[in-house]
Engineer: 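One structure, pasted below without further comment.
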Amino acid sequence: MKKLLAVVLVLCVAMGGFAALAQGPEYEMISRTREYLADGTPVTVTLYASTVRTRGGSYTQTGKKDYTYGSDWIFTVYGTFQVNQGSSVSCTASSYGTSISNTSWRCTGGSATHSGATATARGTMSRYRLGSVTQTEYPLVSVSCDKYGNLS
């Protein structure tokens, strides 16, 4: 019985470790700005960074930028950057994601690209009422990195 309990405990700890690895990088907030659209809707743009150091002056920097539309939805760009400290940087991957709180909104399109030291995502967010689109927003969000690993 004790052996069985020990095996179960070890499996639980291992699974918890795998779950933590599956969650991805932990991000730290770098900056937050708020503006208001012409219709009065608040838009908040928040920049986050997570650094993975490697040997020498070369490391991977990951960042994301959230575009939050009121309390209805968030459109996010993700970028991965290879930094050679003080000499060069390149964006090696980009993607986008959404989080929708107001069920009348849907993400009806999106794409992510990267070039040089910038990751960019474009989205189409549509609001529906009685099966018809009543409003469409087109978030465009970019995250960039400099050769010192600073995100903007």
Engineer: Got W73 and E137 here, is their nearest side-chain heavy-atom distance under 4.5 Å?
Structural biologist: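 Yes, side chains in contact.
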
Engineer: Taking the side chain as every heavy atom from C-beta outward, state whether S88 and K147 have any pair of such atoms under 4.5 Å apart.
Structural biologist: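 No. Closest side-chain heavy atoms not under 4.5 Å.
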
Engineer: Is any side-chain heavy atom of L151 closer than 4.5 Å to one of C145?
Structural biologist: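 They are in side-chain contact.
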
Engineer: Can you tell me how far apart OG1 (T98) and CE (M125) are? Round to the nearest 0.5 Å.
Structural biologist: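 Rounded to the nearest 0.5 Å, the OG1-CE separation comes out at 5.5 Å.
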
Engineer: Keeping the roles fixed (side chain from S50, backbone from E26), state whether a donor-acceptor pair exists under 3.5 Å.
Structural biologist: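 Side chain of S50 to backbone of E26: a pair is present.
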
Engineer: Do you know the tightest heavy-atom contact between C91 and A119?
Structural biologist: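 Closest pair (atom of C91, atom of A119, distance): SG-CB, 3.8 Å.
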
Engineer: Taking side chain to side chain contact (heavy atoms under 4.5 Å, CB included) as the definition, give me every residue that meets it alongside Y148, ordered by chain and number, with sequence neighbours left out.
Structural biologist: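 Side chain to side chain contact (heavy atoms under 4.5 Å, CB included) list for Y148, sorted by chain: Q85, D146, N150.
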
Engineer: How far does CD1 of I30 sit from CG of L47, to the nearest 0.5 angstrom?
Structural biologist: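 Separation between the atoms: 6.0 Å.
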
Engineer: Should V77 and K64 count as side-chain neighbours, where that means a heavy-atom distance under 4.5 Å?
Structural biologist: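 With C-beta onward as the side chain, the pair stays apart.
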
Engineer: Once rounded to the nearest 0.5 Å, what's the spacing between atom OG1 of T113 and atom CZ of R122?
Structural biologist: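 Separation between the atoms: 6.5 Å.
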
Engineer: Between S104 and R129, is there a side-chain heavy-atom distance shorter than 4.5 Å?
Structural biologist: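 Not in contact.
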
Engineer: Applying side chain to side chain donor-acceptor pair (under 3.5 Å), name anything that partners S94, two or more places apart in sequence or on another chain.
Structural biologist: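 Applying side chain to side chain donor-acceptor pair (under 3.5 Å) to S94 gives H114.
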
Engineer: Return the minimal non-hydrogen interatomic distance between T120 and S142, and the atom names on each side.
Structural biologist: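 Scanning both residues completely, I find the closest heavy atoms to be OG1-OG, 2.9 Å.
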
Engineer: Would you say Q135's side chain and R127's backbone share a donor-acceptor pair under 3.5 angstrom?
Structural biologist: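 The answer is no, because no donor-acceptor pair under 3.5 Å joins these two groups.
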
Engineer: Taking the side chain as C-beta and beyond, is there a heavy-atom pair between T76 and V141 under 4.5 Å?
Structural biologist: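 They are not in side-chain contact.
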
Engineer: I'd like to check L140 versus Y67 (side-chain heavy atoms, cut-off strictly below 4.5 Å). Are they in contact?
Structural biologist: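 No, too far: nothing below the 4.5 Å cut-off.
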
Engineer: ring-ring contact (aromatic ring centres under 6.0 Å, His included) with Y69: which of W105, Y138, F75?
Structural biologist: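 Single ring-ring contact (aromatic ring centres under 6.0 Å, His included) partner of Y69 among W105, Y138, F75: W105.
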
Engineer: List the atom of Y96, the atom of A121, and the distance in Å for their closest heavy-atom pair.
Structural biologist: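 For Y96 versus A121, the nearest heavy atoms are CB-CB, 3.7 Å.
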
Engineer: Closest heavy-atom contact between C107 and I100?
Structural biologist: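 Nearest pair, atom of C107 first, then I100: N-CD1, 3.7 Å.
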
Engineer: Working to the nearest 0.5 Å, report the span between CG of D66 and OG1 of T68.
Structural biologist: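 The distance works out to 5.0 Å.
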
